[in-house]
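To keep things clear, I will list the structure first and then write my remarks on it.
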Amino acid sequence: MGKFQVLDHPLIQHKLTIIRDKNCGTKVFREVVNEISELMAYEVSRDMPLEDVKVETPIGWTTKKTLSGKKVAIVPILRAGLGMVDGMLELIPAAKVGHIGMYRDEETLKPVEYFVKLPSDISERQIFVVDPMLATGGSAIMAMDALKKRGAKDLRLVCLVAAPQGVKALQEAHPDVDIYTAALDEKLNEDGYIVPGLGDAGDRLFGTK
Ligand SMILES: O=P(O)(O)OC[C@H]1O[C@H](OP(=O)(O)OP(=O)(O)O)[C@H](O)[C@@H]1O
Ligand SMILES: O=c1cc[nH]c(=O)[nH]1
Ligand SMILES: [Mg+2]
C-alpha cells in the first residue's frame with residue numbers, strides 16, 4: 001500500500017483555515033493556495049535521493065550532496081489543480097508540467113476526461129499529480145489511469161483536502177500511489193462536496209460559478 005500522509009505543519013494548517021472561510025475572495029484564495037503548495041512541495045520532496053559530488057568552495061575541495069534521482073513532472077488535474085502548479089515550481093523549477101483535463105458530471109459525480117498532454121519522457125519521471133480536492137476519488141483514479149496508460153510509473157497525489165471515501169477509493173484502485181494531503185476532512189455531503197471542505201475549489205480559484 002502506498003503512503004498516506006497528512007502534512008499538518010502549523011503554517012499549512014493556518015493557511016488552509018484562511019481559504020476555508022467562505023468570505024475569502026478569489027485573489028487571496030489563489031495566493032494562499034500557491035503558498036500552501038510551496039510548503040507542500042518542501043514536504044513531499046523530503047525523500048528525494050542524493051549522491052556525492054565534489055565541489056570547490058573558495059576555501060578548498062569537499063564532497064557534498066546533490067540531487068541524484070529522477071527528473072520530476074508536475075501534473076495538475078484541470079482546472080483546480082492549476083492553482084497548485086506555480087507553488088510547486090517555486091521549489092522544483094526544472095520540473096516539466098503535464099495537464100489532465102477532467103470535470104465531474106454534476107449528476108453522476110463521475111469524472112469526464114477532456115484533455116491529456118504529458119511530457120514525452122513521462123515514464124522516466126517522478127510524478128506529482130496535483131488537485132486541491134480528493135472527494136469521491138473518481139477524478140484522481142481516472143487521472144492515474146490516464147497516466148499509467150501512457151507509461152507513468154512513479155506517481156504521487158498532492159491535494160489540499162481529502163475525504164476518507166476518496167482516500168480509500170484511490171488506495172484500492174492504485175495501491176502503489178502515495179497520497180499527501182494538507183487535511184483529512186470528515187465526509188462527503190449528498191452533492192459530493194467535502195464537509196467541511198472549502199467548497200468548489202475551481203470556482204473559488206477562478207471566480208466562476
Ligand atoms: O474526487 P472527485 O469526486 O472526483 O472530486 C474531485 C474533483 O472535483 C473538482 O474538479 P471539478 O470537477 O469541479 O472540475 P474543475 O476543477 O474544472 O472545477 C476537483 O478539483 C477534483 O478534480
Ligand atoms: O468539495 C469538493 C468536492 C469536489 N470538488 C470540489 O471542488 N470540492
Ligand atoms: Mg470545480
Side-chain angles (χ1 to χ4, degrees), residues 2 4 6 15-26 28-30 32-34 36-37 40 73-88 97-118 127-149 152 155-175 177-209:
F4 171 74
V6 179
K15 289 173 191 291
L16 191 57
T17 302
I18 292 173
I19 59 169
R20 284 186 191 272
D21 186 338
K22 68 174 187 182
N23 295 312
C24 171
T26 297
V28 173
F29 191 93
R30 202 179 288 141
V32 175
V33 167
N34 206 49
I36 297 173
S37 306
M40 292 187 85
I74 298 165
V75 179
I77 303 178
L78 309 184
R79 291 172 305 158
L82 287 173
M84 298 178 69
V85 173
D86 287 352
M88 299 277 299
V97 180
H99 295 85
I100 298 185
M102 219 164 257
Y103 68 87
R104 257 190 353 170
D105 181 288
E106 282 179 12
E107 303 273 296
T108 64
L109 300 183
K110 296 271 177 270
V112 181
E113 183 186 298
Y114 59 86
F115 184 75
V116 180
K117 179 78 182 173
L118 301 172
I127 303 162
F128 295 98
V129 177
V130 296
D131 189 334
M133 312 307 280
L134 178 64
T136 65
S139 303
I141 289 169
M142 197 185 251
M144 298 302 169
D145 288 340
L147 279 153
K148 285 184 179 175
K149 203 165 87 186
L155 290 156
R156 296 170 184 210
L157 177 74
V158 185
C159 60
L160 301 187
V161 184
Q165 183 182 329
V167 173
K168 186 164 176 282
L170 180 57
Q171 283 178 328
E172 280 171 11
H174 293 286
V177 172
D178 293 338
I179 305 171
Y180 298 89
T181 185
L184 180 63
D185 275 12
E186 225 175 275
K187 59 178 183 187
L188 298 178
N189 70 12
E190 58 283 2
D191 298 319
Y193 281 92
I194 300 176
V195 181
L198 46 75
D200 189 303
D203 285 347
R204 296 197 67 195
L205 269 169
F206 298 114
T208 50
K209 189 68 214 86

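First listed ligand is number 1; within each ligand, the first listed atom is number 1. Only heavy atoms go into these numbers, but all of them, side chains included; no hydrogens, no water, no symmetry mates.
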Heteroatom proximity flag, Met133 to ligand 2, N/O under 3.5 Å: no

Gly138 neighbourhood, listing ligand 1 atoms whose heavy-atom distance to it stays under 4.0 Å: 1 (O), 4 (O)

contact_flag Gly192 ligand 2 heavy-atom lt 4.0 Å: yes

Over 12 non-hydrogen atoms of neighbours within 6.0 angstrom of OH in Tyr103: no

Exercise: identify the closest heavy-atom pair between Ala143 and Ile77: CB-CD1, 3.6 Å

Any Arg204 heavy atom less than 4.0 Å from ligand 2: no

Ala135 N/O to ligand 2 N/O under 3.5 Å: no

N-O pairing of Asp86 and Arg30 below 4.0 Å: no

Gly137 near ligand 1 by a heavy-atom separation under 4.0 Å: yes

Numbered atoms and elements of ligand 1 in range of Tyr103, under 4.0 angstrom, heavy atoms: 12 (O)

Nearest heavy atoms of Ile127 and Ala152, plus distance in Å: CD1-CB, 3.3 Å

Region of Thr136 engaging ligand 1 - heavy atom pairs below 4.0 Å: both

4.0 Å heavy-atom contact, Leu109 with ligand 1: no

Electrostatic pair Asp131-Arg79, nearest N-O below 4.0 angstrom: no

Nearest atoms (heavy-atom pairs only) where Ala162 meets Val167: CB-CG2, 3.8 Å

Nearest candidate to atom 16 (O) of ligand 1, where distance is taken over non-hydrogen atoms, out of Gly83, Pro76, Ala80: Ala80

